[in-house]
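Some notes on the structure that comes next.
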Amino acid sequence: MEQNKPQTEQELTQQAAVRRQKLADLCEAGHNPFEITKYAQDAYSADLKNEFADLPAEAETGKIVSLAGRMMSKRIMGKASFAHLRDQKGDIQIFVKRDLLGDEAYAAFKKLDIGDIIGVKGEVFRTKMGEISVRISELTLLSKSLLPLPEKFHGLTDREARYRQRYVDLIMNPEVKDTFVKRSLILKEIRAYLDEKGFLEVDTPILTPFEIGASARPFYTHHNTLNMDMVLRIETELYLKRLIVGGMDRVYEVGRIFRNEGMDPKHNPEFTTIELYQAFTDFHGMMDLVEEMYKRLALKVCGSLEITYQGKQIDMGHWERLTMVEAVKKYSGVDFNDWKTDEDAIAAAKEHHVELPEVPTKGAILAEFFDAFVEDKLIQPTFIYDYPVEISPLAKRKPTDPAFTERFEYFIDCTEYGNAFSELNDPIDQKARFERQVAERKAIEPDCKAQVDYDYVNALEYGLPPTGGLGFGVDRLVMLLTDSASIRDVLLFPTMKSIEK
């Protein structure tokens, strides 16, 4: 059974049972909090603290405000009490005095529980101890918290619970909310940058008619009305490039992507990417765009080009550029140019204990050398470009060396952050590569349902201009700029295994 089945009375804790009884008493007295539909909130905690930052101790302001939020603490002191209210912008102390609130309302306040959502009205002042507070003249219970908040909801032992119950995590750990505020800022800034560059944000289908030949494994579903299987997209690329064909010269999409593959601290089955395509430029234009955009993001989000990620200093102001051949030679000592045949490459791989790919060609083996010797050295921002054609089915071949393509990936802290091409716009070459890709998939997996996207080839036959394309993961970028160790820390609701009972 799923964890989210309704609790029975026997499963409720004693505290929860007491809270339910309090709710029943309120309802019986005609004060059901769940019947309240709105509250006139006109101020926020952080704004008040900023406005009255210079107010001396024990000083009055004469300002009457209405606040609403969750009560996070309560200290009963006879005829006067203190509590802390947490709203959208932070915490603020409230001072509750029986003589001002009235006997009945004060008695009702004393029965409130930590976690209850309240609305309060009163005057802003600073206490003798120097804390900006609100002296309450009115208090309304807006929603009853029927489950007690955990005393501690942090640390490694509770990490699974935090991901499963993000709503409690956000209540108990305000810094978690800061990560997601930054995520929103990052997306806003990326959109602003691309919009300034003349890009148009578009939406393309999430449900697609068939599986393409790419190596990523899709999720399948079924469309009842059409009586056909459909696939959740593994990329947004082919639809976006159709738009370039149609004359929309600069387009991008913030897209949810789905891949039915493994999970680890850098991978979740559903994730967010941004893909963008620009007509009349190439992959060097995309390199310049990435570097400029990432510098802007670092300054905007982190306040500096020097950022810290998991204890490492990353200089976002300096980006190295190496071809894959140069990088493999630099870090392994092996020179691709010494391989005259695939057999030479296979021999080199065996000598250096490098895993052979499924189809062991020179280019594919070069990529394996890169994985084995180079990627874990790329801590500072680095562009690796000129990728073998065997692993780049959508990139344009280099005119000077058709064994390679005009493609790059960029790496930070030994992790790939994005992928870019001078897009392949030759429909004859594209068709042949698609057909070879699908044939290779079916040779390895005879039951796979991969097909060639002949409609995309048809689009290319109408003419795709020279185009630069880029795709990058939003989640990894947010991890980098918020110093988060796991992708689950930057997804509000990460995919989790069901709990069996």
Side-chain angles (χ1 to χ4, degrees), residues 7 9 12-45 48-49 52 57-153 167-168 171-172:
Q7 288 178 301
E9 285 296 325
L12 291 171
T13 65
Q14 186 177 359
Q15 288 185 64
V18 168
R19 289 179 182 227
R20 292 202 171 204
Q21 184 59 52
K22 288 183 180 180
L23 174 63
D25 295 342
L26 286 166
C27 293
E28 188 176 345
H31 301 303
N32 184 354
F34 297 122
E35 291 180 350
I36 297 173
T37 57
K38 64 179 181 178
Y39 187 82
Q41 179 184 26
D42 62 16
Y44 292 92
S45 55
L48 294 176
K49 290 179 177 180
F52 298 110
E58 298 187 89
E60 308 289 331
T61 66
K63 180 166 185 170
I64 305 298
V65 297
S66 292
L67 301 169
R70 190 180 299 274
M71 189 169 70
M72 297 303 294
S73 71
K74 186 174 72 167
R75 220 162 14 110
I76 302 295
M77 300 167 62
K79 297 179 181 180
S81 302
F82 288 95
H84 275 90
L85 179 145
R86 176 168 298 163
D87 64 16
Q88 173 73 12
K89 297 187 177 181
D91 291 8
I92 193 165
Q93 181 170 266
I94 59 174
F95 177 57
V96 189
K97 193 174 182 182
R98 188 179 69 179
D99 292 348
L100 184 58
L101 195 61
D103 291 347
E104 185 177 339
Y106 188 70
F109 163 76
K110 292 203 294 184
K111 292 181 181 178
L112 294 179
D113 292 302
I114 304 303
D116 285 350
I117 294 172
I118 58 175
V120 299
K121 184 176 181 179
E123 181 186 355
V124 181
F125 74 107
R126 192 181 290 278
T127 64
K128 182 193 294 187
M129 300 302 292
E131 186 168 355
I132 289 291
S133 305
V134 179
R135 185 184 293 109
I136 301 306
S137 55
E138 296 178 18
L139 188 150
T140 306
L141 175 62
L142 302 175
S143 183
K144 183 68 185 168
S145 176
L146 297 179
L147 289 174
L149 294 175
E151 293 183 9
K152 293 182 180 180
F153 204 73
Y167 40 91
V168 184
I171 293 169
M172 301 304 297

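Computed from a predicted model, the values in this text were never measured in an experiment.
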Side chain Arg86, main chain Ile171, donor-acceptor under 3.5 Å: yes
Quick check: do Glu138 and Val120 have side-chain heavy atoms less than 4.5 Å from each other? no
Shortest non-hydrogen separation from Pro150 to Met172 and the atoms involved: O-CE, 3.0 Å
Please examine the side chains of Leu112 and Met71, heavy atoms only from C-beta on, and report whether any two atoms are closer than 4.5 Å. yes
Closer than 4.0 angstrom, basic N to acidic O: yes or no for Lys74 and Asp113? no
Minimum heavy-atom distance between Leu142 and Ala68, given as atom pair plus value: CD1-CB, 4.3 Å
Ion pair Arg70/Asp116, N-O distance below 4.0 Å: no
Beyond-backbone contact of Ser137 with Leu101, side-chain heavy atoms, under 4.5 angstrom: no
Lys97 vs Lys79, side chain to side chain contact (heavy atoms under 4.5 Å, CB included): CA-CA, chis, key distance, verdict: CA-CA 6 Å; Lys97 193 174 182 182; Lys79 297 179 181 180; 6.0 Å; no
Just wondering, do Ile114 and Pro148 contact through their side chains at under 4.5 Å, heavy atoms? no
Quick one: list whatever passes side-chain contact (heavy atoms from CB on, under 4.5 Å) with Arg135, sequence neighbours left out. Glu60, Phe95, Leu100, Glu123, Phe125
Grab the two heavy atoms, one from Ile36 and one from Lys38, that are nearest each other, plus how far apart they are. CG2-O, 3.5 Å
Do the side chains of Glu58 and Met129 get nearer than 4.5 Å, heavy atoms only? no
Contact between Ile94 and Phe82 at the side-chain level, heavy atoms closer than 4.5 Å - yes or no? no
May I ask you to decide if Leu147's main-chain N or O and Ser145's side chain share a donor-acceptor pair within less than 3.5 Å? yes
Kindly indicate whether the side chain of Arg98, heavy atoms from C-beta on, has any atom under 4.5 Å from the side chain of Asp103. yes
Give me the atom names and distance for the closest heavy-atom approach of Val134 to Gly122. CG1-C, 3.6 Å
Only counting residues at least two apart or in another chain, list the ones meeting salt bridge (Lys or Arg N to Asp or Glu O under 4.0 Å) with Lys121. none
Given Leu141 and Ile117, is the side chain to side chain contact (heavy atoms under 4.5 Å, CB included) satisfied, shown in steps? CA-CA 6 Å; Leu141 175 62; Ile117 294 172; over 6 Å; no
Lys111 side chain vs Tyr106 backbone, donor-acceptor pair below 3.5 Å: no
Asp42 side chain vs Ser66 backbone, donor-acceptor pair below 3.5 Å: yes
Exactly one candidate in Ile118, Leu85, Leu67, Val96 meets side-chain contact (heavy atoms from CB on, under 4.5 Å) with Ile136; the answer is Val96
Could you give me the CA-CA distance, side-chain angles and deciding distance for Thr127 and Gln93, then say whether side chain to side chain contact (heavy atoms under 4.5 Å, CB included) is met? CA-CA 10 Å; Thr127 64; Gln93 181 170 266; 3.6 Å; yes
Check the surroundings of atom NZ in Lys49: do more than 12 heavy atoms from other residues, nucleotides or ligands lie under 6.0 Å from it? yes
Counting only N and O atoms by type, is there a donor-acceptor contact under 3.5 Å from the side chain of Arg20 to the main-chain atoms of Gln15? no
Separation between OG1 (Thr61) and CZ (Arg126), nearest 0.5 Å, reads 11.0 Å
Polar side-chain atom of Asp87 near backbone of Ser45 as donor-acceptor pair, under 3.5 Å: yes
How long is the span from the CG atom in Leu23 to the NE2 atom in His31, to the nearest 0.5 Å? 13.0 Å
